[in-house]
Amino acid sequence: MMQTVRGVHDILPDEVAIWQFLEAKALTIFGLYGFTEIRSPLFEKTELFARAVGATTDIVEKEMYTFADRGGDSLSLRPEGTASVVRSFVQQSLHRQLPWKVWYRGPMFRYERPQKGRQRQFHQIGCELFGPVGPLADAELMAMVMHYLGDVGLQAALVLEINSLGCLACRTPYRALLIAALRQAAAHLCEDCNHRMERNPLRVLDCKRETCRATVTAAPIMLDHLCLGCRDHFYQLKGHLETLGVPYVVNPRMVRGLDYYNRTAFEVTSVGLGAQNAVAAGGRYDGLVEQMGGTSTPAIGFAMGMERLVLLLDRQKILARGMDVYLATLGASAENAGLVLAETLRRGGISVELNLGGGSLKSQMKRADRAQARFTVMLGDTEIEKRSVIIKDMAEGVQQEVARSEIMDYLLTRL
RNA sequence: GCGAACGUAGCUCAGUCGGUAGAGUCCCGGAUUGUGAUUCCGGUUGUCGCGGGUUCGAGCCCCGUCGUUCGCCCCA
């Protein structure tokens, strides 16, 4: 049997209703803050991701779907959304119309081992804000995320965590300090951490093992070694969040997997998602635009994992709406008349599921029930002769004969 | 890339000690020759993931493989 490849799934109509709900909310809520949608390509030159995400990250080293096109260029399916948006920003010289606020949605691709909340094709909704350098932008963006998550009905289960990763000036000396401390404690750290120490030492602070956690409590943390500018930025950010009444928790051990982040990092996590507990994550990337060859422009953004949001949502609350009318027909002449009647009603804005498969009235009533129809309109030889139909209110269980000329009015006043 | 569990009807699952496969649900029909969701009656649905091995005999035991799930890693 043909089937989807590993880690890739159909999203069937029942579930699509939830996706459409989430996407419609994004359009509305992000619109309130002045963000408009951008649609960037699903694949780019491999080099773009290598430079933006970081050539030594796991994502670039071993998780990208990379292929050569017929001209010999190395291309990759996008593993995340920010790189393309930044490329677009630079390519179109958009630094001349700051601030530039965009959001995107769509599939991302990473060759990973699937597990709960993690697929090889997964979907993100993300926002990027170019221009503002101050913490006001950070606070507003976080407020927007929480506004969105609250509006889709999730806020209660979620925690906003924030941290500062410093900038080039203060992170470099801190990093050296941390590595020195970790080397001293290397014997007490797990194998993974000893490996991480060299590649991404900050991540050692975030190890899940108890022994490692205990060992690193004494290690220096970034927040204690921020330069004056970074410290002030973080301090003001916290103040803005408090002014807005957005609850947050400072997590000094939170790290970022992608190289481009500096200063503000934040994450929205949830219990109930298993090991992959981040619903949304983002941060500031002031140096990326310049690094990608554009005019130096500070920026901040975030992305949300759609599959993870869907896992958390109560599906009962987002049911696909049923049809207004199921049109049951009995006999060949009724089928003809039904075809015309259905079309007429639809032109009047009434949704109609027309019986297309013959069958007894009983079986057609079943189909009407399954289609969650508000009304069933019945049309048989008797009604054809009398130029009428019978309309049954499915919830009430009562029915009434209605003249053909009055069907539209009858339904419109009751829907 | 590493570890573990699980693959039986469209779906959720049972299947004892190795003896030729079952329930619920869904779907279809009838009870009601033109009335749903409830009730009652009847019916259809199987490469037991796939391939090999052991055995007189394998859904069950063994090996491999593919898939799913949950962790590790990493990350949304």
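Order of the sequence lines fixes the chain letters, A, B, ..., with proteins taken first and strands second; residue numbering starts at 1 for each chain. What you see below is based on every heavy atom in this structure, not just the backbone, and it leaves out hydrogens, waters and symmetry mates.
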Inset, instruction - Let me know the distance between CZ of Arg370(A) and P of G10(B), rounded to the nearest Å. - result: 18 Å
Inset, instruction - Kindly say whether Leu12(A) contributes a backbone atom to a donor-acceptor pair with the side chain of Asp10(A) at under 3.5 angstrom? - result: no
Inset, instruction - Take atom CG of Leu149(A) and atom C1' of A76(B), then tell me their distance rounded to the nearest Å. - result: 12 Å
Legend entry - Sugar-phosphate, base or nothing in reach of Thr376(A), heavy atoms under 4.0 Å: nothing
Inset, instruction - With heavy atoms under 4.0 Å as the rule, sort Lys366(A) into base, sugar-phosphate or nothing. - result: sugar-phosphate
Legend entry - His233(A): partners by ring-ring contact (aromatic ring centres under 6.0 Å, His included), with sequence neighbours left out: none
Legend entry - C6(B) versus G53(B) - spacing of their C1' atoms, nearest Å: 22 Å
Legend entry - Touch class at under 4.0 angstrom, heavy-atom based, for Met378(A) against every strand present: base
Inset, instruction - Identify whether any heavy atom of Gly126(A) sits under 4.0 Å from a base atom; if not, whether one sits that close to sugar-phosphate; answer base, sugar-phosphate or nothing. - result: nothing
Legend entry - C1' gap between A58(B) and U39(B), integer Å: 43 Å
Inset, instruction - Would you mind classifying the nucleic acid contact of Ala278(A) as base, sugar-phosphate or nothing, using non-hydrogen atoms under 4.0 angstrom? - result: sugar-phosphate
Legend entry - Out of G1(B), C73(B), G30(B), whichever nucleotide has its closest atom nearest the side chain of Lys362(A): G30(B)
Inset, instruction - Please check if the side chain of Glu307(A) supplies one atom and the backbone of His123(A) the other of a donor-acceptor pair under 3.5 Å. - result: yes
Inset, instruction - Provide, to the nearest angstrom, the distance between the CG atom belonging to Leu313(A) and the P atom belonging to A76(B). - result: 20 Å
Legend entry - Nucleotide A76(B), atom C1' - distance to CD of Gln124(A) in whole Å: 5 Å
Legend entry - Residue whose closest nucleotide on RNA chain B lies nearer the 5' end, Phe122(A) versus Val8(A): Val8(A)
Legend entry - Arg6(A) CZ to G67(B) C1', straight-line distance once rounded to whole Å: 7 Å
Legend entry - Sugar-phosphate only, base, or nothing, as touched by Ile390(A) at under 4.0 Å among non-hydrogen atoms: base
Inset, instruction - Establish, from distance only, whether the side-chain atoms of Thr264(A) and Asp138(A) form a donor-acceptor pair under 3.5 Å. - result: yes
Inset, instruction - Report the nucleotide, chosen from G36(B), U69(B), C2(B), that has the shortest atom-to-atom distance to any side-chain atom of Asp369(A). - result: G36(B)
Inset, instruction - Select base, sugar-phosphate, or nothing to describe what Gly7(A) touches, counting heavy atoms under 4.0 Å on all strands. - result: sugar-phosphate
Legend entry - Arg308(A) side chain near C75(B) phosphate (N/O to OP1/OP2, under 4.0 Å): no
Legend entry - Salt bridge Arg347(A)-Glu343(A), side-chain N to carboxylate O under 4.0 Å: yes
Inset, instruction - Fit a plane to each ring of Tyr174(A) and His225(A), take the angle between them on a 0 to 90° scale, and name the class: parallel (under 30°), tilted (30 to 60°) or perpendicular (over 60°). - result: tilted
Inset, instruction - Tell me what Arg256(A) touches on the nucleic acid: a base, only sugar-phosphate, or nothing, going by heavy atoms under 4.0 Å. - result: nothing
Inset, instruction - Please determine, by modelled atom types, if Thr329(A) and Glu335(A) share a side-chain donor-acceptor pair under 3.5 angstrom. - result: no
Legend entry - For RNA chain B, stems built from three or more consecutive Watson-Crick or G-U wobble pairs below 3.5 Å: B:1-7 with B:66-72, B:10-13 with B:22-25, B:27-31 with B:39-43, B:49-53 with B:61-65
Legend entry - Rounded P spacing from C60(B) to G51(B) in Å: 13 Å
Inset, instruction - Write down the distance separating the C1' atoms in G15(B) and C63(B), rounded off to the nearest Å. - result: 24 Å
Inset, instruction - Could you give the distance separating U45(B) and U8(B) at their C1' atoms, to the nearest angstrom? - result: 14 Å
Legend entry - d(OH, Tyr111(A); P, C73(B)) in whole Å: 20 Å
Inset, instruction - Answer yes or no: is there a donor N or O on one side and an acceptor on the other, between the side chain of Arg213(A) and the main chain of Cys207(A), under 3.5 Å? - result: yes
Inset, instruction - Taking ring-ring contact (aromatic ring centres under 6.0 Å, His included) as the test, write out the residues that go with Phe375(A), two or more places apart. - result: none
Inset, instruction - Provide, to the nearest angstrom, the distance between the CZ atom belonging to Arg78(A) and the C1' atom belonging to A76(B). - result: 13 Å
Inset, instruction - Kindly point out which of A76(B), G67(B), U35(B) is positioned nearest to the side chain of Gln399(A)? - result: U35(B)
Inset, instruction - Quickly work out the Arg113(A) CZ to C2(B) P distance and round it to whole Å. - result: 8 Å
Inset, instruction - Report the nucleotide, chosen from G34(B), C2(B), A76(B), that has the shortest atom-to-atom distance to any side-chain atom of Thr382(A). - result: G34(B)
Inset, instruction - Side chain of Gln115(A) only, please: which of G71(B), G29(B), C75(B) is the nearest? - result: G71(B)
Legend entry - P-based separation of C26(B) from G19(B) [nearest Å]: 32 Å
Inset, instruction - May I ask you to say what Arg110(A) touches in the nucleic acid, namely base, sugar-phosphate or nothing, with a heavy-atom cut-off under 4.0 Å? - result: base
Inset, instruction - Would you kindly compare Arg118(A) and Glu307(A) by the position of their nearest RNA chain B nucleotide and give the one closer to the 5′ end? - result: Arg118(A)
Inset, instruction - Quick one: label Lys392(A) by what it contacts on the DNA or RNA (base, sugar-phosphate, nothing), any heavy atom closer than 4.0 Å. - result: base
Legend entry - Sugar-phosphate only, base, or nothing, as touched by Glu383(A) at under 4.0 Å among non-hydrogen atoms: base
Inset, instruction - Verify the neighbour count for atom CD of Glu47(A): are there more than 12 heavy atoms of other residues, nucleotides or ligands below 6.0 Å? - result: no
Legend entry - Inter-nucleotide C1' distance (A21(B), C13(B)), Å rounded: 14 Å
Legend entry - Same-atom distance (P) from U12(B) to U68(B), integer angstrom: 15 Å
